[in-house]
Amino acid sequence: MAYNTRAPQGGKKNPTKGGHKKVGGPSAKHRGYQPEADAARSGKKPRWSSEQRVANGLGADRPRGQRPERGDERPNWEPRGKDARASVERAPAARKRDGGYGRRDDRDDRGSERRYGDRPRRDDRGYGDRPAYGDRPRANHGGDRPHRLAGDRPQRGSYGDDRARRDDRPARDERPRSDADRGQRTERTRYDSDRPRREDRPRYDDDRPRYDDRRSSSDDRRGGYRDERPRRDYSDRPRRDYGDRPRRDDAERAPRPMVEDVVLERLEAQATLASDVEGVTFGDLGLGQNIVRELAELGATAPFAIQAATIPDVLSGGDVLGRGRTGSGKTIAFGAPLVERLLTMQAGDNKRREFGRAPRALILAPTRELALQIDRTVQPIARSVGLFTTQIYGGVPYARQLGALERGVDIVIGTPGRIQDLSASGKLDLSKVVITVLDEADHMCELGFAEPVTEILDRTAEGGQRLLFSATLDKGVADIVERYLTDPAVHEVAGEDQASSTIEHRVLLLDQRDKQEVLIELASGPGKKLVFARTRAFAEQLADLLDDAGIRAESIHGDLNQSRRQRALDKFSNGRVTVLVATDVAARGIHVDDIGLVIQADAPDEYKAYLHRAGRTGRAGKDGLVVTLVPRNRRRRTEELLKRADIVAEWTPVEPGDALIEELAAR
DNA sequence: AAAAAAC
């Protein structure tokens with residue numbers, strides 16, 4: 001019974017109905033419309049998974065026989081070097097973008113003054129039903145809403161008053177460019193030229209000659225080094241010294257030295273060198289043939305360091321903490337042995353395929369998209385040995401998830417809220433869960449997540465195996481570790497520092513009022529670009545800004561319903577838009593192939609956020625560039641942030657139109 | 001303070 005857990009549930013009923021408190025989605029007209037242009041362009045239309053159909057509001061009513069064979073899907077997995085394939089499942093190429101204006105009636109009047117009036121309207125963003133904007137007067141800004149091209153400053157009051165209330169929002173009209181500003185520009189130039197701080201920072205090139213010709217000095221960065229850059233090689237790189245690792249402020253103040261020291265020590269204890277795993281196969285690590293074969297099909301032919309380090313310990317049944325940098329293959333590191341172990345544990349159990357059986361493994365992730373992505377890796381692995389997964393996350397109707405649970409699944413993958421919800425209402429029995437994974441574990445142990453997470457952990461089988469993974473795994477997990485793990489093995493990969501990264505970091509110092517114009521220039525290149533903003537409102541605003549400037553952009557953030565979030569991500573993944581503007585919902589874990597440039601329109605607040613955002617590019621050993629736009633008044637703060645993140649970036653003052661911006665945009 | 005995560 002292939003694809004049992006994905007089988008359509010809930011028939012033809014409109015899936016948006018149960019999932020969202022808000023008034024319904026776009027009109028039926030909108031949903032049904034098939035754009036000839038898109039269909040013609042794409043030729044063959046990629047098929048949708050059941051989830052995508054539901055997520056896009058089309059109903060999960062396709063007969064099972066039409067479900068694409070696995071070979072047709074493009075499962076998502078942690079990237080595998082040159083074998084990397086597109087990781088986010090292909091989304092419908094044929095999706096009407098400009099049909100049905102229902103959601104955007106608050107912007108209908110805008111069309112008349114759009115400079116790009118013939119371009120399709122951004123009807124699919126849907127301000128109208130979002131709570132955060134609920135009090136925004138509709139159509140108020142219609143006639144007088146200024147076009148937001150750079151140089152065409154928005155008038156305050158058009159939407160500034162009731163829209164994003166941002167402290168650093170430029171009071172454009174009230175701040176004509178002054179001599180003082182000019183003066184400061186000169187100062188910044190000076191700052192740049194005598195900037196001494198790079199020398200104070202840890203230099204990796206001293207004992208790592210292979211990077212000497214790469215990013216060791218700012219002059220080398222000007223270009224041309226890429227082709228000469230030697231291949232990555234961890235072999236003789238010294239172990240990371242965690243003693244130097246910057247601590248989180250709050251943790252520093254929190255006095256529980258005992259636990260923290262233990263975790264910290266353990267983290268140092270077992271560092272695996274990539275050279276140690278050379279020649280090792282997944283089979284050597286203890287995975288069965290079917291799983292090994294499936295991994296190869298996913299593109300994972302040989303284990304990455306983090307995988308080689310953790311798989312044996314997971315198979316032995318012990319608790320494991322794993323730390324491997326972004327894009328290093330953590331999903332397989334816990335997913336594959338988890339499946340193998342379930343299989344071993346159920347050997348000889350003739351009730352293992354019982355209808356309605358309770359899940360025995362649980363994987364928790366901080367966002368729905370990440371949960372979905374993990375499932376795209378774990379599901380085929382599980383399937384290869386006859387186990388079933390299902391996704392349990394919020395924002396979508398219950399019916400399909402409940403149906404899957406009623407039939408019985410082996411592995412539940414999801415986000416805390418809905419899992420707790422179903423667990424509390426007795427629909428999801430966690431008592432048989434003997435393996436629990438916290439992906440992005442440090443984040444899952446933070447305020448806001450810790451409570452539901454611990455409640456879920458409390459419901460799982462006592463003494464069960466627990467696996468905590470994150471690129472930024474730190475002592476923030478100490479409480480959870482202390483409470484729920486027993487003598488965990490702690491693994492990391494040696495030499496994962498900035499010098500061994502394929503990601504280059506740059507900071508553009510600019511005038512706050514120039515931010516949007518510079519962003520437009522940066523985002524205008526051909527490659528995929530991911531833009532991060534600090535708030536939902538600003539993300540939304542920037543996507544509009546770029547769209548109005550003729551750059552196809554989508555936004556993704558928590559104010560959008562799930563189908564819009566998924567659609568935005570799909571469009572970005574399959575290249576139908578080149579720019580995705582996101583809040584930190586997309587900061588962790590999400591893998592999209594070939595993001596060449598990450599732009600931080602706002603610097604993040606936390607160094608870990610910086611690392612995760614940056615990790616959306618430079619995946620699987622590819623080159624990546626992170627550009628952070630920093631207004632002068634945030635310079636200090638950003639310097640501190642980068643220092644904590646252990647990142648060396650080149651700082652450059654810029655103005656709109658600078659050649660450097662264009663150069664960076666071309667990457 | 002924001003974002004994420006249930007309805």
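Below, chain A is the first sequence line, B the second, and so on; all start at residue 1.
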J.: Kindly write out the residues that satisfy side-chain contact (heavy atoms from CB on, under 4.5 Å) with A:Asp594, not counting sequence neighbours, or none if the list is empty.
T.: A:Lys622
J.: When you check the phosphate oxygens OP1 and OP2 of B:dA3, does a side-chain N or O of A:Arg588 lie under 4.0 Å from one of them?
T.: no
J.: Using OP1 and OP2 only, check whether a side-chain N or O of A:Thr415 sits under 4.0 Å from B:dA6.
T.: yes
J.: So A:Leu438 and A:Arg466, do their side chains get closer than 4.5 Å, heavy atoms only?
T.: no
J.: Is the phosphate of B:dA4, meaning OP1 or OP2, less than 4.0 Å from a side-chain N or O of A:Thr583?
T.: yes
J.: Between P on B:dA4 and CG on A:Asp605, what's the gap in Å once rounded to a whole number?
T.: 13 Å
J.: Rounded to whole angstroms, how far apart are CD on A:Gln562 and P on B:dA6?
T.: 9 Å
J.: Which whole-number value in Å describes the distance from A:Gln600 CD to B:dA2 C1'?
T.: 15 Å
J.: What is the distance from CG of A:Asn561 to P of B:dA4, rounded to the nearest Å?
T.: 13 Å
J.: Could you check how far CZ of A:Arg565 sits from C1' of B:dA3, rounded to whole Å?
T.: 11 Å
J.: Contact class for A:Gly394 vs. all strands (heavy atom < 4.0 Å): base, sugar-phosphate, or nothing?
T.: sugar-phosphate
J.: Taking the inter-plane angle between the rings of A:His505 and A:Tyr610 on a 0 to 90° scale, is it parallel (under 30°), tilted (30 to 60°) or perpendicular (over 60°)?
T.: tilted
J.: What is the distance, rounded to the nearest whole Å, between atom CG of A:Asp559 and atom P of B:dA2?
T.: 12 Å
J.: Using the side chain to side chain donor-acceptor pair (under 3.5 Å) criterion, which residues pair with A:Glu451? Sequence neighbours excluded.
T.: none
J.: Just how far, in rounded Å, is P of B:dA5 from CG of A:Leu422?
T.: 16 Å
J.: Between A:Arg368 and B:dA3, is there a side-chain N or O to OP1/OP2 distance below 4.0 Å?
T.: no
J.: Look at the side chain of A:Asp421 and decide which nucleotide, out of B:dA6, B:dA3, B:dA5, has an atom nearest to it.
T.: B:dA6
J.: Rounding to an integer number of Å, can you tell me how far A:Arg536 CZ sits from B:dA2 P?
T.: 10 Å
J.: Scan A:Pro452 against the nucleic acid and name what it touches under 4.0 Å (heavy atoms): base, sugar-phosphate only, or nothing.
T.: nothing
J.: With the threshold set at 4.0 Å, does a side-chain nitrogen-carboxylate oxygen contact exist between A:Lys515 and A:Asp602?
T.: yes
